[in-house]
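Below is one structure, written out as structure tokens; comments come after it.
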Amino acid sequence: MSTSTKKAAKKSVSRFGRLLGLGAERMMREPQLVAIADGLVVTDTAAEAWFTLSSANSDLMPEDRQDIEQDAAALALAKVLPGYACHLKIVWSRLDGEVFREEARQIFTAGDVEAVADMWAARLDSLDLPQRHLLLGIRIAERDTAANATVANTVSNALGVGHTGLDDNELAHLDGLARRMERRLEATPWRARIAPAELLAWAVSRESFRPQPAPPHLPTVTGAALVRLTQSKAIPHADHLRLMDAHGQTAAWVSILAMPVFPETLYTPGEQEWLRCLSEIRYQHPVNDDDPLVCPEASVRFSVWRKGTAIKAVDKQRQLAKEQRKSAAEGSAGETFAETEETEAVMEDLRRQMSRDGMTLLEDHPRIIVSSTESLEDLRARCDAVVAHYAGLSIDVIVASEEQRELWLESQIGDMLRVADLGHIRTTDALAASMFWGGSEAGDNQGPIAGLLTGTTPGVCRLDITAGSARGDATTTAFVGRSGRGKTTAMMLATLTAGLKGAFSLMLGFKGDEGGLIKAGEYLGLDSHHVTCGVETPAVADVFRMLPKGDAALQVVSQLLIVLPERMRDAGIETHLLRAANIIAQHSDPATWRVIEHLQASSDPLAAEAGDALAELSRTQLGAPLLGTPHEGASPLRPEPGLWLVQVPGLTMPQAGTKPRDMTMTERVSLALMRGLIAYALNTSARADLRDLPKVVAIPEVHVLTGTDDGRRFIDYIARTGRALDTSLAIDTQDPKSLMGLDGVLEAITTVCAFEQSARSQQEAMAELLRLPLTDTTRALLHGVGKDPHGDIRHGHCIVRDRRDRVATMQWDMPSRELRDALSTNPKDQAAGLRTAPAHESPADAPGTQEGPTVA
């Protein structure tokens, strides 16, 4: 077909559209997809670069920082996107348990991996959690006009020929354009990344509401694979569309809502963030009276005007207003004079802002998409809820009448703006004020699921306490908050997850209620070891049995010097201890009790007296683990992978700075035992043969250690060397203030889980750990995070600061009731042991739990 014929075809379409009072785009045939590749969607008319946008955690962001974020977004629109036709899409997906099942098989390597995967898959399916995806498309090349493509496709189909491939040279050129645009968008608040081809194929195919095959793992999706992904049938009605499945049955009902009127001024931060609030809208279900989330989606086509064009448009409006004012003044039309004078002033002010602040104008066409797979009645209830929600924000939203087809096509990836008269011309601030990238976001991008986000954007929170070393980062995680709010249980759950990933996981328990860790480990098939230091377990913490012979002798001498009274140290007992330790170190089975026997058999009175004193201490609760003679078959601490819980009931540590002569006997023995456990943890973390194995040292009630000089040095050393040794430190304390003097620990903390805190001094320390400003709002947040709306305790609910310094509220979650019961720190639950529950009962349905998923 000749060029003149193509132009005549376009003119006839335009003339026919104008005759009906419509734009030409309304009448155009939808563009045909040619190819989908990483970051690219190519149709027969144009090529678009598509990016995924990162969310900002704006829920708990201080107001001044949110203002900065919004200003940066407005500036990015003005600097990066002028002259481009853009398409912003906010879409939702459901967290599929089956998808995570496959992911879990890659994450977990120890224990009963299949059982863990099944457990999490069932949990996620029961929660039916929505996940938000932010996509931005930018038209980077024109391939043909819509009219030309329509005519060409018609001729090709008539002749029975067609070509849907994409030339490699053109694909390479388009890929280069997309990558250059990505580099420009990386520095924006959205931190844009090239969208994977699989994500784009999913975003295209999901519009049909039909089960689609997974997109092929190819650089480019074309041909028959692309056709299968885009098969759909939509029947338009006055106020909705009916989507049909492959069998001709209704698969979904969809309505497109327009936003024709906005207030003159939007107040942000706040409720008027008109795209961020999509995740907050709930509706009254027409059948069961529940109030589930609507999860409406958004499609916003916009184009940012170049600065010169925008300034000319503003000058033109200002000049018109000026002329009208003069004309009105001459005719004494007071009312018109006031309106035109205001318009003139507004245009002058806008002109100054555009010249000074980098602001420009854009034209946007916002649409809200509401869908239901249940019924038309359910769809209309959802639409009513969306309209009512925005009415409360002084924003008009209407169900577009008799234009559902055009607006639905317009919202499709790869299509075009079709209904141009339902748009707005305004400053870039207006789109930035929507905070479309705001909400709740925290945690890692991948890895095990720790819990659920509880802010304005629903989703899961992924936390991996072993991941710091792998990414070259610090390795300390802090669990802080008052007693009984779930911090120890949360740390046990994180330690258990590390064990499932194949890590050496050691927990030093000073409270005595951590036994559920081993129950949970055995329940999940982990190699679990429970060591209780007491009279019944002599020699379980014998340094000779825990460390290499070359290192053990000096550590044993150090421990014995702490235990013995000061008068013996002054009398020179150290030489006798070192001689005995060196002799026993050459034994085939060295042990501290052999050192004691050697001292008792000595002809030197001082050595013999020391041996007798140590023998008596070996019969005590705290002395037996260090000095006692082991029982047959006893299981001492060993530097082997697995889940290890070492409990030390009755430990009484001296205060920091206490001189040895001022310590009680209980404090001396406690200090010696703690030093032995510290030596074990340090040696295991530094072993060359375990260097490639992730390791976790978890310490509940860490203030027990930070109250001593030895403990502070140990915590500081593990925190500082954790990255090099691939050793992660997890600490739990009711006293965040005690961490303030530990600079090494504070510098190494990458993740903080902050539970309820009431004391003002502790709130100040907690705010510093979370890097939140210490305001009345922050104090109220810290005081109320552990309570539900009725004022009852909400176990497991906390504020998390992740490695990117994003702060959000989250709920630690248990994937099964059995696991929750196993990890319970409640004395009654521990006495009852591991209970069982019906397979269909979820943790949220279990008796005695709070509303929603919780941990004890």
Side-chain angles (χ1 to χ4, degrees), residues 51-77 80-81 86 88-93 129-136 185-193 259 262-263 265-282 293-300 302 362 364 366 368 386 389-390 392-393 395 426-443 445 452-461 770-773 777-778 781 799-802 804-810:
F51 307 93
T52 59
L53 307 183
S54 299
S55 297
N57 198 350
S58 61
D59 283 355
L60 302 183
M61 187 182 292
E63 187 169 326
D64 57 343
R65 283 187 55 195
Q66 190 166 340
D67 287 338
I68 293 172
E69 181 96 357
Q70 184 175 318
D71 291 343
L75 184 61
L77 289 169
V80 179
L81 298 178
C86 304
L88 172 67
K89 284 185 70 69
I90 302 176
V91 299
W92 298 88
S93 67
L129 282 175
Q131 281 193 306
R132 187 179 66 173
H133 303 273
L134 303 175
L135 299 173
L136 177 64
L185 289 171
E186 277 180 336
T188 66
W190 317 305
R191 303 183 301 280
R193 292 288 185 271
M259 308 180 77
F262 281 81
T265 304
L266 292 170
Y267 294 95
T268 60
E271 294 181 348
Q272 284 188 308
E273 296 168 356
W274 53 277
L275 284 179
R276 194 270 308 158
C277 70
L278 288 173
S279 58
E280 300 176 340
I281 304 175
R282 293 181 177 272
L293 289 170
V294 176
C295 289
E297 300 182 349
S299 171
V300 183
F302 67 94
L362 60 79
D364 65 345
I368 305 297
V386 173
H389 181 85
Y390 278 103
L393 306 181
I395 299 174
R426 44 190 174 176
T427 65
T428 51
D429 280 340
L431 184 56
S434 72
M435 286 299 291
F436 56 84
W437 71 102
S440 299
E441 190 76 14
N445 296 331
L452 314 176
L453 295 172
T454 57
T456 59
T457 308
V460 296
C461 183
L770 292 171
R771 295 174 186 164
L772 289 177
T777 301
T778 301
L781 176 66
I799 307 164
V800 60
R801 172 176 70 82
D802 67 8
R804 299 185 180 95
D805 284 341
R806 297 178 300 184
V807 183
T809 55
M810 70 164 287

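Values reported hereafter were calculated over all heavy atoms of this structure, with side chains retained and with hydrogens, waters and symmetry mates removed.
- Judged by distance alone, with hydrogens and angles left aside, the side-chain atoms of Thr456 form no donor-acceptor pair with the main-chain N or O of Glu280 at under 3.5 Å.
- Of all heavy-atom pairs spanning Leu136 and Cys86, the tightest one is CD1-CB, 4.3 Å.
- Within the 4.5 Å cutoff, no side-chain heavy atoms of Leu453 are placed close to those of Val460.
- Of all heavy-atom pairs spanning Ala432 and Ala73, the tightest one is CB-CB, 4.1 Å.
- Side-chain N or O atoms of Trp92 include one that pairs as donor or acceptor with a backbone N or O of Pro296 at under 3.5 Å.
- Residues Leu185 and Phe51 are in side-chain contact: their nearest non-hydrogen atoms beyond the backbone lie under 4.5 Å apart.
- Between His389 and Cys277 there is a side-chain heavy-atom pair separated by less than 4.5 Å.
- Within the 4.5 Å cutoff, no side-chain heavy atoms of Leu135 are placed close to those of Leu53.
- With no hydrogens or angles considered, a side-chain donor-acceptor pair links Gln70 and Thr268 at under 3.5 Å.
- At least one side-chain heavy atom of Met259 sits under 4.5 Å from a side-chain heavy atom of Ile368.
- A 4.5 Å side-chain heavy-atom check between Ser58 and Met435 finds at least one atom pair inside the cut-off.
- Of all heavy-atom pairs spanning Thr454 and Thr809, the tightest one is OG1-OG1, 2.8 Å.
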May I have the step-by-step check of side-chain contact (heavy atoms from CB on, under 4.5 Å) for Leu293 and Ile281, ending in yes or no?
CA-CA 6 Å; Leu293 289 170; Ile281 304 175; over 6 Å; no

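- Proximity of a side-chain donor or acceptor of Asp364 to a complementary backbone N or O of Pro366 within less than 3.5 Å is not detected.
- Taking 4.0 Å as the cut-off between side-chain N and carboxylate O, Glu186 and Arg193 count as a salt-bridged pair.
- Nearest heavy-atom pair, Leu266 versus Ala433, reported as atom, atom and distance to 0.1 Å: CD1-CB, 4.3 Å.
- Here the closest heavy-atom approach between residue Asp805 and residue Arg771 is recorded as OD1-NH1, 2.6 Å.
- A cation-pi arrangement, defined by a distance under 6.0 Å to the six-membered ring centre and an angle within 45 degrees of its axis, is present between Arg426 and Phe262.
- Of all heavy-atom pairs between Leu393 and Pro263, the closest is O-CG, 4.5 Å.
- The CD atom of Glu441 sits 5.0 Å away from the CZ atom of Arg806 when rounded to the nearest 0.5 Å.
- Between the side chain of Gln272 and the backbone N or O of Tyr267, at least one donor-acceptor pair lies under 3.5 Å.
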Could you walk me through whether Ser93 and His133 pass side-chain hydrogen bond (donor to acceptor under 3.5 Å, both in side chains), step by step?
CA-CA 8 Å; Ser93 67; His133 303 273; 2.7 Å; yes

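- Residues Trp274 and Phe436 keep their aromatic ring centres 6.0 Å or farther apart.
- Taking CH2 of Trp190 as the start and OG1 of Thr52 as the end, the distance is 13.5 Å to the nearest 0.5 Å.
- In this structure, Glu63 CD and Ile68 CD1 are separated by 11.5 Å, a value rounded to the nearest 0.5 Å.
- At distances below 3.5 Å, not a single donor-acceptor pair connects side-chain atoms of Ser299 with backbone N or O atoms of Lys89.
- Checked options Leu781, Leu770, Thr778; the residue passing with Leu60 is Leu781 (criterion: side-chain contact (heavy atoms from CB on, under 4.5 Å)).
- Between the side chains of Ser55 and Arg132, at least one donor N or O lies within less than 3.5 Å of an accepting N or O.
- With contacts defined as side-chain heavy-atom distances shorter than 4.5 Å, the pair Arg276/Ser434 does not qualify.
- Side-chain N or O atoms of Asn57 include one that pairs as donor or acceptor with a backbone N or O of Val807 at under 3.5 Å.
- The CG atom of Leu75 sits 8.0 Å away from the OG1 atom of Thr428 when rounded to the nearest 0.5 Å.
- Considering only heavy atoms from C-beta on, Leu275 comes within 4.5 Å of Val300 through its side chain.
- For the pair Arg191 (side chain) and Pro189 (backbone), a donor-acceptor distance under 3.5 Å is present.
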